[in-house]
Amino acid sequence: MTGCCDDGLATGPRDLRERLRVIAVKGESLVVAADRASACAACAEAKGCGTKVLVSMSRTDLMTIDRPPGLSVVAGDEVEVAISGNSLLAGVGLAYLLPAVAFVVALSGATGAGLSDGASALVALIVLVLSFLPVIFVERQARLTRALQVLDVIPGGCR
């Protein structure tokens, strides 16, 4: 892996695949609807889970992904997209692991340096906020959505 979210084609057994509905085709990109908790449909605990209810009340997120050259797709179709497991793990590590580790290290370092509890907490909170900057940078560069690759088109109706 050469960096977050750019480790090549998603064709291996560890890839994650999902079907997304095409909302619009804009030149060389596709606007697709992405449900945040699509795993809820297959979960055995779905009937008793509050997360499914909360997600069903929220709006569907729209995401723009690259359209491969020559791909014939129209609004209403579904596309099967994939992301390599390494790209996903890099993104998850950046979003979840880095802030947690940064917070613990900052709090431990401030406490070890002899700062009071309040000052240590303040230092740790500042470091926590700053640890989200790489996530914001990756999101602004759209590196994670570029890692999504369209594998197949499933027609959505009459063409």
If the threshold is 4.0 Å, N to carboxylate O, is there a salt bridge linking E80 and R19?
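Looking at R19 together with E80, the answer is no, because their closest N to O distance does not fall below 4.0 Å.
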
Other members of the hydrophobic cluster containing V129, with the 4.5 Å side-chain heavy-atom rule, please.
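Answer for V129: none, a lone residue.
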
Are any non-hydrogen side-chain atoms of V22 and V31 less than 4.5 angstrom apart?
no

Does V32 reach the side chain of I65, with side-chain heavy atoms less than 4.5 Å apart?
yes

Would you list the atom pairs, donor with acceptor, under 3.5 Å between side chains in residues 23-30 and any protein atom, with sequence neighbours excluded?
from : atom 1 : to  : atom 2 : distance (Å)
S29  : OG     : K26 : O      : 2.9

Atom pairs and distances, donor-acceptor, side-chain atoms in residues 89-105, under 3.5 Å, two or more places apart:
none

How far does CG of L20 sit from CD1 of I154, to the nearest 0.5 angstrom?
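CD1 of I154 is found 9.5 Å from CG of L20.
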
Going hydrophobic residue to hydrophobic residue with side-chain gaps under 4.5 angstrom, can you get from [X] over to [Y]?
X	Y	answer
F132	L107	yes
V153	V81	yes
M63	V73	yes

Taking every non-hydrogen atom, the tightest pair across L151 and A82:
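Shortest heavy-atom separation between L151 and A82 comes out as CD1-CB, 3.4 Å.
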
Who pairs with I126 by side-chain contact (heavy atoms from CB on, under 4.5 Å), at least two apart in sequence or on another chain?
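With sequence neighbours excluded, I126 shows a side-chain contact (heavy atoms from CB on, under 4.5 Å) to L122, L130, given in chain and number order.
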
